[in-house]
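These notes concern the structure reproduced below.
By convention in this document, chain letters (A, B, ...) are assigned in the order of the sequence lines, proteins followed by strands, and residues within each chain are numbered from 1.
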Amino acid sequence: MDELVRAIEATLFASATPLSVEEIAEHVGEAGVEVALGKLAVDYEGRGIELVERGGRWHFQTAPDLAHLLRRTREEPRRLSRAATETLAIVAYHEPVSRAEIEAIRGVQISKGTLDVLMEAGWVRTAGRREGPGRPLLYATTPEFLTHFGLSSRRDLPGIDDLKAAGLLDPLDEGIFQALNQEQLESEEQED
Amino acid sequence: MDELVRAIEATLFASATPLSVEEIAEHVGEAGVEVALGKLAVDYEGRGIELVERGGRWHFQTAPDLAHLLRRTREEPRRLSRAATETLAIVAYHEPVSRAEIEAIRGVQISKGTLDVLMEAGWVRTAGRREGPGRPLLYATTPEFLTHFGLSSRRDLPGIDDLKAAGLLDPLDEGIFQALNQEQLESEEQED
Amino acid sequence: MGVEPLDFPVGSDELTLNLDGWEGPLDLLLSLARAQKVDLAQISILELVDQYTTYIAGARALKLEIAADYLVMAAWLAYLKSCLLLPKDPQADPSPEEVALRLQMRLQRLDAMRETGARLLGRDRVGRDVFVRGAPEGLRLVRKSAWQASAFDLFAAYGIVKARTQPPMHVVHARSVMTLDEAIERVSRMLGLAIEWLDIEAFLPVTDDPLFRRSALASSFVAALELARRGRLDIAQEEPFAPLKVRSA
């Protein structure tokens with residue numbers, strides 16, 4: 001067996017976290033890591049363990065079809081509320097996105113804890129501020145998000161191409177509810 | 001690939017502890033675990049990972065010949081302390097020399113770490129014991145010492161007269177060396 | 001979260017309508033729309049407006065506290081409906097149809113995020129469906145010191161050691177003095193010239209150094225006394241503080 005492939009196999013196997021090609025190269029001290037990773041991935045095809053790439057970082061994991069043997073409980077590793085699930089999806093499909101934009105899409109304010117839960121899980125991070133009025137803080141997903149949900153990259157997000165084509169990921173047209181005459185609204189409210 | 005072998009491979013990979021044949025059988029829910037373990041061990045022969053049995057329990061581990069890859073060393077430049085520099089100079093001028101002799105020449109005791117640092121740096125080695133009372137361990141310089149300091153042999157060390165001519169033996173001039181590197185002095189204080 | 005709105009027997013006295021079950025008016029609208037059609041692009045906005053206002057009216061009939069944002073939405077929808085039904089106003093920008101379309105897009109977008117969120121959670125997740133290594137050995141970073149020292153540092157250090165441990169040696173710097181021996185020797189030599197009385201200052205060497213001159217004067221005076229004791233010269237002084245005169249004996 002190719003010595004470089006062996007070395008990469010051992011390094012990834014021993015690592016407690018996924019490793020980028022650069023990090024692997026620092027350990028094995030050689031060029032040609034990418035080609036060797038390809039060979040290694042082929043070696044593991046169809047086995048009980050597989051070599052996967054998630055957001056540019058590589059790790060070994062058990063084959064998904066063996067989940068039933070390994071799952072110790074039916075409990076999800078981290079139960080997410082509906083609000084947190086929606087918020088995570090909005091961040092992933094629209095990133096970088098401000099809190100106000102998340103709220104506009106959901107049509108409701110998000111409670112303080114919702115983003116905290118996602119950040120604590122290591123799936124969402126802050127991603128600078130948007131230049132413009134108020135310089136709102138922006139949120140984006142992390143490499144751990146891709147790892148956890150088994151996504152090679154954000155392009156792998158379920159249905160992202162269809163949503164994009166349907167215009168559903170375009171910047172939100174704010175203020176459609178304000179598009180109608182504000183006075184009119186107020187007078188109707190008093191009527192009610 | 002044999003489904004049972006796959007299941008065992010995944011089970012051992014995901015387990016936080018080595019597993020006995022009985023424990024594996026509980027997970028994979030099948031007989032024939034021992035035969036499958038044998039097949040799996042053969043699959044991994046010569047790879048970067050190996051399947052091993054220790055006291056009736058099985059686990060994967062990285063191949064022993066690749067252990068060096070799992071420890072990456074990073075070199076950080078550090079100035080030699082004044083105590084260490086003086087000790088090195090005494091060893092160079094008086095080798096082979098015992099620790100007690102170094103202390104007598106320095107006029108100051110040396111800490112345990114000082115000679116360790118010089119040996120770690122590869123500049124000083126032990127050079128047998130002196131026959132006589134206590135049979136003290138002797139120290140001498142290494143070929144790397146000569147290389148590092150640009151000396152072709154120990155005869156290239158400047159003599160006492162050269163040092164005197166260079167003003168390096170003038171007691172009144174000690175102040176200039178104190179000015180050389182305050183950090184060195186401080187580290188010496190901590191060391192000694 | 002949910003109260004299924006359309007299963008709701010409106011008008012029943014035992015009914016407790018829980019608006020807290022909805023995450024805002026948009027959530028309620030989306031549920032109504034989904035009950036109407038699977039494909040949100042096909043829903044009837046006019047029908048949706050009616051369903052929403054009916055629902056809110058039902059809640060109000062039960063004298064429930066209804067949050068203001070639900071009422072604002074109801075009013076806005078009623079207004080949108082009237083705009084859609086009234087003869088077209090060519091001046092209106094955006095047109096009521098466009099506003100209706102945007103509302104529909106918003107519902108579709110929220111629905112899409114809800115659906116993709118569920119799909120994300122259903123993927124093969126690490127720690128639930130796929131597992132990473134249970135007990136990784138871990139990769140370690142070992143810091144190694146690259147010790148720095150130059151040949152000069154080394155030689156200087158040896159110089160310091162030697163200097164520190166050398167037996168103390170006191171070197172008196174050459175100072176501008178004339179020793180007594182020098183003065184005796186000098187005055188004796190010059191006595192041959194002193195046949196007549198000479199001022200003692202005539203015996204002093206020529207110098208610009210005032211310290212040396214003082215030293216030479218003092219030494220020469222003591223030398224004169226010594227030579228007088230030996231009977232080699234005579235010393236005379238006419239009065240206190242007058243110049244000292246010296247003559248060969």
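- Looking at L118(B), neither its backbone nor its side chain comes within 4.5 Å of chain C, counting heavy atoms on both sides.
- Note on D153(C) versus R79(B): salt bridge recorded, some NZ/NE/NH1/NH2 to OD/OE distance being below 4.0 Å.
- Note that CG of L154(C) and OH of Y93(B) are 6.5 Å apart. Values are rounded to the nearest 0.5 Å.
- Side chains of L157(B) and Y158(C) form no contact here, defined as non-hydrogen atoms less than 4.5 Å apart.
- A donor-acceptor pair is defined here as one N or O able to donate and one able to accept, closer than 3.5 Å; no such pair exists between the side chain of R82(B) and the backbone of A157(C).
- Counting heavy atoms of neighbouring residues, nucleotides and ligands inside a 6.0 Å radius, atom CD of E185(C) exceeds 12 of them.
- For the pair T62(B) and E137(C), the tightest heavy-atom approach, listed with the atom from each and the gap, is N-OE2, 3.4 Å.
- Sparse packing is recorded around CZ of F221(C), with 12 or fewer heavy atoms of other residues, nucleotides or ligands lying under 6.0 Å away.
- Here the shortest heavy-atom pairing between F149(B) and A149(C) reads CE2-O, 3.4 Å.
- Crowding of R34(C) atom CZ: a count of heavy atoms from other residues, nucleotides or ligands under 6.0 Å not exceeding 12.
- Taking OG1 of T85(B) as the start and CD of Q148(C) as the end, the distance is 11.5 Å to the nearest 0.5 Å.
- Residue H59(B): no heavy atom, backbone or side chain, is found under 4.5 Å from chain C.
- Closest heavy-atom contact between R133(C) and Q61(B): NH2-CA, 4.3 Å.
- Atom CZ of R78(B) has 12 or fewer neighbouring heavy atoms from other residues, nucleotides or ligands inside a 6.0 Å radius.
- Atom CZ of F131(C) and atom OG of S15(B) lie 12.0 Å apart (nearest 0.5 Å).
- Annotation: R155(B), atom CZ; neighbour count of heavy atoms from other residues, nucleotides and ligands within 6.0 Å does not exceed 12.
- Taking a 6.0 Å sphere around CZ of R154(B), one finds it holds more than 12 heavy atoms contributed by other residues, nucleotides or ligands.
- The distance from atom CH2 of W147(C) to atom NE2 of H148(B), rounded to the nearest 0.5 Å, is 12.0 Å.
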